[in-house]
Amino acid sequence: MTNIIIFTILTLSLLGLVLAIVLYYVAKKFKVKEDPRIDIVEAIMPGANCGGCGQAGCRAFAEAVVKAGNLDTLFCPVGGNDVMKKVAGAMGYEVAEKDPMVAVVRCSGSFEKRPRTNIYDGRSSCAVMSSLYAGDTGCLYGCLGQGDCVSACKFGAISMDPETGLPVVDEEKCTACGACVAACPKNIIELRKKGFKSRRLYVSCMNQEKGGVARKSCAAACIGCGLCEKACPFDAVHVNNFLAYIDFTKCKLCRKCYDACPTGAIHALNFPPRPAAAAVKPAASAEPVSGTAN
Amino acid sequence: MKKFLVSPSPHFHGRENTRRIMRDVIIALLPAVAVSIVYFGISAIKLVVLGVVTCVLTEFIIEKYMLRRKVTVNDLSATVTGILLALNMPASSPWWAIVIGSVVAIGIAKMTFGGIGQNIFNPALVGRVFLLVSFPVVMTNWSVPHSFLGTSLDAVSGATPLVLVKEALDGGQTVPQIFAANPGLSYSQLLFARIGSAGEVSTVALLLGFVYLLARKVIRPYITFSIWGSAILLSGILWLANPAEFTDPLFNLLTGGMMLGSIFMATDYTTSPMNKWGMIIFGTGIGFLTILIRRFGAYPEGVSFAILIMNATVPLLNKWCKPERFAKEAR
Amino acid sequence: MKTFSIGGVHPNDYKLAADAPIENLPIPDIAYISMSQHLGVPAIPVVAVGDKVKVGQLIANAGGFISAPVHSSVSGTVKKIGPVKDLSGKEVNTVTIETEGDEWIDTIDRSGDIVREIKLDSKQIIERIKECGVVGLGGATFPTCVKLSPPPGCKAEFLIINGAECEPYLTSDYRVMMEMPEQIIIGAAIMMKALGVSKGFIGVEDNKPEAIEKLGAFEKDYPGIKVVPLKKKYPQGGEKQLIDAVVGRKVPSMGLPIATGSVVQNIGTTLAVYEAVQKNKPLFEGIMTVTGNCAPGQKNFRHRVGTPLSKIAEYAGGIPEEAVKILSGGPMMGKAISNMDAPTLKGSSSILYLTEEQTKRKEETFCIKCGKCIQACPMGLEPYLLNKLGRINDMEGLEENRIFDCIECGCCQFTCPAYIPLLDTIRIQKGRVMRIIKNRPKK
């Protein structure tokens, strides 16, 4: 009996010793020398590993930060300015403040506004659908509604609205990583400046056909009439190929263009309700708002 | 205006679907079911019905109330599992044994992995092995088929040929002595009616099912043939080396779960390789392991264990064995 | 009997229009002649709005090496040059011509005589084929002259004429073989002369015994040309499969057919080559089938390129009530039409009506790992695996498993018992992998 106990203890101790030695040498031999600062930077990162920065993940970003020696080309869209300031602090780098961005869906072609002309019967994927044909509506540029952006989003910030068949961005959750922008084969989603109090003005249409043609396939289309361009006092709105675009770097959120738009293609988000007057206008989103000075 | 469908090609689909395949498997199993009903009567019917009902119910309940997803019992795969499990049990098994076996087969072996197509181990075999390990007495209490061919089967009493041989060998007898003492071990007996689980009494009925499956292109012959081939090879070598100690290849082929296992269990789509060479390696492994377990293992029969062991290698075999490519790499 | 070695499926062949002789369709009032009727760069229009054109007159030059010129199919006035939606609703640069009468350019030999003597030499033949805008009419519409000029270092040994027509329903090639067998043989002889080869094969599937007989009757008059009956199996008409079936050689991965010494041309192309070289007639007409189980009539038509599909459907008896999907091409590889106002192209082979029961996709269920897709794949790939890797965008895995070999024949999806849209995923990921490979710096 004692023998058994002694032998057991002996064998186990010996085994432990041998394995410890092996482990020690292996650890020593295969040790990878790494800059300890990588770990420090990685700890600051949000850890979403979304790839929104252009790197493979947060660790890769940290490595790139340490290697680059500055932050000129590196920015974590998820962490934003706060995280970048912390990284800069930890590394002793300089960092320029960037405007917070948010994803915006530029199509208003809901089931109601944009009638379907055929029924898509393939795999539910925008990529498959767009490589096959123009889409199940008369509009060549609009949202296909198969939800590639929804599956691309790692933060659960995009969902399909079953009523309209269009994706909806949850701006609280959106980190502007750009995954949806890359996933959309129709280039509908754009990252735009979040704006003062999250207020945004944008043309929610990508149709570059002539006004009449565009209008025929979708009631909410931008017809390229140019009224918005004329209304804008800041030279922020321009019409190219029958499609208006609001340059968010110049836009002062005055909403003159919004008021001028005859089809409701311009969307105004998160503005306070405006008293009476223009509240009659059908707005496809948020509360109808009144034009302040531009 | 009428809205037409638009989809990528192909715009046609063949007649194949999962339900149709499972239906073919059930049809292929009918001769074996019929034979077991002839031999064992009401107890065989009870087994099959209980097996099917429990398997289907288990799948239904798990999918509907636990996973809350689309119920797939319509594809008949649970029905096949139920029949196979019933055919793998002694006809005299009590009702609770097959119920427990079915719940284990579907609930543990199939649904925990994600249901049809996702499981690693053959559900019916997991159910059977679970019962064999948990209730060894129940699972080896073989009932004797009613005398059917005129010859009396009493000579082999309540033991299967494999058990009989193994026990006699352990008792010091030689193979020729055992065969001389037991007329029930004749080949005609082994082909048409012998003691064993409900479905394996008649080799001929199982072979009929095999021919049907091949004719309907439900299975490919590689797995079954390579099991037979490797079992014959290994047992042949052993037998030639020492005929007193080892049984002959034909005996090994016609006894135990070899036929049922090689035709219906090892060829289960989900738990077998998908490419020709993978299938051949898989089958060969099963054949070798079966013979080794039978002779050198603790159990008299090894088909179930051999198949389960080889099931575990399937993901690797699928990865390593690629189909014959049409084109070689560019110059 | 010969056939290709790996995979393949057996769809029901439904050659309903096999006995309908080729009829001439009326000339359209307005012809929409697309500038992208071939693989490669669009053609560049050389006419202007208001110009008067004749039938057969050049209206656009080839836009590059892999491109083809386009000729007018009607006589009349150019009304517009600009985008018109094609059958999938995408905009394509198109010359719109309003028809007045039917005046042909006078260089075209419009007599019905068969011209047997080949007067041009190899270089002139290729030049003529190029000028006449002949493209492959088997589906890919690859410019024929490019195929007939093997790149340096490659030597053609055989010409193979593709008379397999393995797609269900399609009968246009069959009708051409039945009605113009000698023209096909002469067309083959012309291309053999152009390539400088002495062996020519015409592969025809054994479900067309009369065509085999009709073509076979000319074997003795044209030494070197042999009709090869093939065992019916889809996709026999795939270029790689046909070469394998006829001469038993395999085109290497990412390689061209010429690597096996073979040049493959379709029956329609062969007729176009005959007409171009012997009759000096540019490619502005095509043969197409209007068919379907629910179709009001089974028809084979000779159409002028640029005729709106809706006009053809109307002429053939209208779109049937039961049709839920209209295809251009066969049911295995054809394109679903979402815009019936689109015009026909050089390569248009059919208008096919399918019923809901035939074509509506069933709900996808779980993969049961049956391996039927692997057995069906004529390229020896594992479609189930490519689908699985494709869904998670594992580009390296896809390349390792040779997604680039896929010929998009649809056998895997046709055979899948779980109704998984395998090819939908594989096709899109194949395109992505090809782009990655193409952009990779060469070692």
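Proteins get letters first, then strands, A, B, ... in listed order; numbering begins at 1 in each.
Counted within 6.0 Å of NZ on C:Lys80, heavy atoms from surrounding residues, nucleotides or ligands total more than 12; the atom is thus considered enclosed. Annotation: C:Glu356, atom CD; neighbour count of heavy atoms from other residues, nucleotides and ligands within 6.0 Å does not exceed 12. With a 6.0 Å radius and a threshold of 12 heavy atoms from other residues, nucleotides or ligands, C:Lys388 has its NZ atom at or below the threshold. Counting heavy-atom neighbours within 6.0 Å of C:Glu364 CD, excluding the residue itself, gives a total above 12. A 6.0 Å sphere centred on NZ of A:Lys194 holds more than 12 heavy atoms belonging to other residues, nucleotides or ligands.
Contacts between A:Ser130 and chain C at a heavy-atom distance below 4.5 Å involve the backbone alone (N, CA, C, O). Within the 4.5 angstrom heavy-atom criterion, atoms from both the backbone and the side chain of C:Lys360 approach chain A. Of the two parts of A:Asp121, the backbone and the side chain both hold a non-hydrogen atom closer than 4.5 Å to a non-hydrogen atom of chain C.
Interatomic distance, A:Asn118 CG to C:Lys325 NZ, rounded to the nearest 0.5 Å: 11.0 Å. Between atom CD1 of residue C:Ile428 and atom OG of residue A:Ser125 there is a gap of 6.0 Å, rounded to the nearest 0.5 Å. Interatomic distance, A:Arg123 CZ to C:Arg391 CZ, rounded to the nearest 0.5 Å: 4.0 Å.
When every heavy atom of A:Tyr133 is checked against every heavy atom of C:Ser338, the shortest pair comes out as CD1-OG, 3.4 Å.
Side-chain contact between C:Lys85 and A:Leu140 is present, with heavy atoms from C-beta onward closer than 4.5 Å.
For the options C:Val324, C:Asp424, C:Thr359, C:Leu87, heavy-atom pairs under 4.5 Å to chain A are most numerous at C:Asp424.
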